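Here the structure comes first, spelled out in structure tokens, and everything after it is commentary.
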Amino acid sequence: MLDVKYLRENLEEAETRLSTRNEAVNLSGFKQCDTRRREILQESETLKALRNKVSAEISRIKDKSQAQDQMAEMREVSQRIKALDDVLRDVEDELQSIMLTTPNIPHATTPVGRSEADNVEIRKWGEIPAYSFEPKPHWEIGENLDILDFERGAKLTGARFTLCKGAGARLERALINFMLDLHTGQHNYLEMLPPFMVNRESMTGTGQLPKFEEDLFGLNGLDYFLIPTAEVPVTNIHRGEILKSSELPLRYTAYTPCFRKEAGSYGKDTRGYIRQHQFNKVELVKFTRPEESYRELELLLNDAEKVLQLLELPYRVIELCTADLGFSAAKTYDIEVWLPSQNTYREISSCSNFEDFQARRAAIRFRENDKAKPEFVHTLNGSGLAVGRTVVAILENFQQADGTVRIPAALRPYMGGMEKIG
RNA sequence: GGAGAGAUGGCCGAGUAGGUCGAAGGCGCUCGCCUGCUAAGCGAGUAUACUGGGAAACCGGUAUCGAGGGUUCGAAUCCCUCUCUCUCCGCCA
């Protein structure tokens, strides 16, 4: 959510900057609602002040028969207040709806662009492997090794669900543990294991609701949703709280499965393990002071990159342009891992600074000192990493001519010493 | 699933025959005093949001005692709905 006061005073600037996103943003209703709200509010509160004053007078009159005139007068005042408050509620609902569906303003350093083609490559790491044979796509490798079973996944549930078997299941588990150990042991994050379903307030706090309900799996008869990312429960840990300055920045990491309907992605990545309705992810989340959030974003990005470096997987970092930026983000780096079968880089992590956009929605604040007023923190998060796609990258990058898959050295302790699959 | 109890400020905890209650008291915290250390003691202060005025310091108004409605001139106190927590029984990993 944007700052109402900022919008009030800088509406044109806000509209201009929002227009660099690829969705139409219309703030024409904002000014009207905001003005109307304050008019009604003032009238209502003036009447309430009168009512409070007269009610106090009535309370001092012992013989209530002497207060009939005041009581009759206040009866009318109360009716007027109620009518005003009814209108006020409608106006505030509309204003709130505008505020909750308006995306974040891109940071000044986010490159302006018209489509994902305008994303900017920041750096590359690692050598793209050369093969003496035609590299196979991961789904063939997985099926040949009998570690990824797409047919049975579909039988159990449906399309975009996969059964991991044997070394495939072990590989997922090993990666989760490897990533968590790295982030908690080397990067100073605190491990969390949150609920995998959350309520509507949490989904609103991080920005998935009210606008993107069609992307979420809901629950029958309950107003709970399966989380699409650990960002949601972990960021909402501190919803409605005022944090101590001394505890910032807070760094949390969490493994969770993620559930996404993938609405609007029909026809994309229909084969294989890239785009699933359920996938595992280790997430990094930070709560920082405003002035240090962009430094922390770089560090968070480095923490995510470190996973790929230790796993010896080539990748590149790109910076999303304004048109490709997510709803809540002000700035985002994507990490893309090399996939030989596709001869391209594919997203495996997305690291964003949301500034105070989520903090304002979720009322996450901190106090610089005991006398200072509460300020909104900045929230950040990034995948560290998407586990399923890491499996894909390992299978494809480390496939051997004989059909086996080499396990990178850093992962072997987590695989019971196994050096290759197959 | 059945039965009961409860939800008050950073924490603990008063307050229910409706009326100066934003809310006693205690703890904690902040500032000052005192004590040549420590402990104790004394004084003052210590919620948030919205809103009006002001350059600002700050001053005023409104709201908030789990959430949302209702009754009333007036609700932390009465009524209704919901949420959550705790205890007992049942069931279960």
Side-chain angles (χ1 to χ4, degrees), chain A residues 1-9 30-100 193-205 209 218-225 233 236-248 250 287 356-377:
Chain A
M1 203 156 65
L2 300 174
D3 183 359
V4 169
K5 288 187 185 119
Y6 167 79
L7 280 188
R8 196 177 287 157
E9 288 158 21
F30 169 80
K31 194 172 183 180
Q32 192 191 344
C33 286
D34 180 54
T35 305
R36 183 116 172 83
R37 171 175 172 270
R38 281 184 293 162
E39 286 170 358
I40 300 167
L41 196 62
Q42 280 174 46
E43 189 178 348
S44 170
E45 291 191 348
T46 302
L47 291 174
K48 283 175 184 169
L50 173 68
R51 183 176 69 185
N52 287 345
K53 181 163 158 278
V54 174
S55 289
E57 286 167 12
I58 292 172
S59 74
R60 282 191 288 270
I61 296 172
K62 293 210 175 74
D63 180 358
K64 298 304 181 205
S65 66
Q66 299 297 306
Q68 291 307 309
D69 288 352
Q70 287 100 315
M71 284 162 70
E73 191 188 345
M74 287 309 103
R75 193 160 21 237
E76 279 180 34
V77 167
S78 277
Q79 280 168 9
R80 177 73 184 139
I81 288 170
K82 196 174 178 226
L84 283 168
D85 282 351
D86 284 347
V87 179
L88 182 65
R89 184 187 305 186
D90 289 346
V91 173
E92 288 191 331
D93 283 352
E94 193 179 339
L95 185 63
Q96 182 75 348
S97 166
I98 291 168
M99 296 308 293
L100 286 177
L193 185 60
F196 300 159
M197 19 178 132
V198 298
N199 58 30
R200 188 169 285 274
E201 289 70 43
S202 293
M203 284 294 186
T204 305
L209 289 179
L219 273 84
N220 206 356
L222 270 174
D223 207 22
Y224 295 164
F225 301 87
N236 277 281
I237 287 172
H238 295 300
R239 173 154 51 84
E241 297 184 6
I242 299 176
L243 303 168
K244 288 196 206 96
S245 171
S246 58
E247 59 190 346
L248 298 179
L250 287 169
F287 303 81
D356 61 7
F357 187 84
Q358 294 179 326
R360 184 171 280 110
R361 287 174 161 251
I364 307 169
R365 294 173 292 173
F366 77 104
R367 226 188 278 275
E368 193 55 69
N369 60 62
D370 288 321
K371 296 198 171 165
K373 288 186 63 171
E375 297 176 64
F376 291 110
V377 299

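Worth saying up front: this structure is predicted, and the values here are computed from it rather than measured.
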For RNA chain B, whose closest nucleotide is more 5', that of A:R365 or that of A:Y224? A:R365
Considering only atom C1', compute the distance from B:C11 to B:C29 and round it to an integer number of Å. 11 Å
If we count only N and O atoms by modelled type, under 3.5 Å, do the side chains of A:N199 and A:S202 hold a donor and an acceptor together? yes
Applying the 3.5 Å cut-off to both distances, the Watson-Crick or G-U partner of B:A93 turns out to be none
Does A:E43 come within less than 4.0 Å of A:R80, counting only side-chain N to carboxylate O? yes
Under 3.5 Å on both distances, the Watson-Crick or G-U partner of B:C37: none
Base paired to B:A47 (Watson-Crick or G-U; both N/O distances under 3.5 angstrom): B:U64
Per atom distances to the A:R75 side chain, the nearest of B:U72, B:U51, B:U48 is B:U72
Quick one: A:I81 CD1 to B:U71 C1', roughly how many Å, whole number? 16 Å
Say we look at B:A47 and B:A23: how far apart would their C1' atoms be, to the nearest angstrom? 12 Å
Say you pick atom P in B:G66 and the same atom in B:A14; how far apart are they, in whole Å? 15 Å
Under a 3.5 Å limit on both distances, the Watson-Crick or wobble mate of B:A24 is none
Looking at B:G6, which nucleotide sits across from it as a Watson-Crick or G-U wobble partner, both distances under 3.5 angstrom, or is there none? B:C84
Can you identify which nucleotide, out of B:G74, B:C50, B:A49, has its nearest atom closest to the A:S55 side chain? B:G74
OP1 or OP2 of B:C73 under 4.0 Å from side-chain N/O of A:R60: no
Out of B:C73, B:A49, B:G61, which nucleotide sits closest to the side chain of A:A49? B:G61
What is the distance, to the nearest angstrom, from the CD atom on A:Q70 to the C1' atom on B:G19? 15 Å
Could you tell me how far B:U77 sits from B:G70 if I compare only their C1' atoms? Round to whole Å. 15 Å
Roughly, in whole Å, what's the span from CE in A:M71 to P in B:G74? 9 Å
Quote, to the nearest angstrom, the C1' distance that separates B:G13 from B:C88. 26 Å
In whole Å, what separates the P atom of B:C84 from that of B:G22? 31 Å
Does A:E247 CD have over 12 foreign heavy atoms under 6.0 Å away? yes
Watson-Crick or G-U wobble partner of B:U77, both distances under 3.5 Å: none
Above 12 or not: heavy atoms from other molecules or residues under 6.0 Å from CZ of A:R239? yes
What is the separation between atom CG on A:L47 and atom P on B:C73, rounded to the nearest whole Å? 16 Å
Between A:S78 and B:G74, is there a side-chain N or O to OP1/OP2 distance below 4.0 Å? yes
Is a side-chain donor-acceptor pair under 3.5 Å present for A:S78 with A:R51? yes
At 4.0 Å (heavy atoms only), tell me whether A:F376 reaches a base, stays on the sugar-phosphate, or touches nothing. nothing
Nearest whole Å is fine: how far is B:U48 C1' from A:R360 CZ? 16 Å
Is any side-chain N or O of A:R51 closer than 4.0 Å to OP1 or OP2 of B:U62? no
If you check the A:N52 side chain, which of B:U51, B:A63, B:G19 turns out closest? B:A63
Distance, P atom - from B:G26 to B:G43, rounded to whole angstrom: 11 Å
In whole angstrom, what separates A:L84's CG from B:U62's C1'? 13 Å
Nearest-Å distance, CD (A:Q68) to P (B:U72)? 14 Å
Please determine, for B:G52, whether a Watson-Crick or G-U wobble partner exists with both distances under 3.5 Å, and give it or none. B:C59
On RNA chain B, compare the nucleotides closest to A:P374 and A:I58; which residue's is nearer the 5' end? A:P374
Side chain A:Q42 and base B:G52 donor-acceptor under 3.5 Å: no
Does A:R37 place a side-chain N or O at less than 4.0 Å from the phosphate oxygens OP1/OP2 of B:U51? yes
Give a yes or no answer on whether the side chain of A:R360 reaches the backbone of A:M1 with a donor-acceptor pair at less than 3.5 Å. yes
What does A:K82 touch in the nucleic acid at a heavy-atom separation under 4.0 angstrom: a base, only the sugar-phosphate, or nothing? sugar-phosphate
Base, sugar-phosphate, or nothing: which does A:K5 touch, judged by heavy atoms less than 4.0 Å apart? sugar-phosphate
Distance, C1' atom - from B:U87 to B:C73, rounded to whole angstrom: 42 Å
A:R38 CZ to B:A63 P, straight-line distance once rounded to whole Å: 20 Å
Should B:U16 form a Watson-Crick or G-U wobble pair with both distances under 3.5 Å, which nucleotide is its partner? none
Salt bridge A:R37-A:E92, side-chain N to carboxylate O under 4.0 Å: yes
Separation between CG of A:L95 and CD of A:Q32, rounded to the nearest 0.5 Å: 11.0 Å
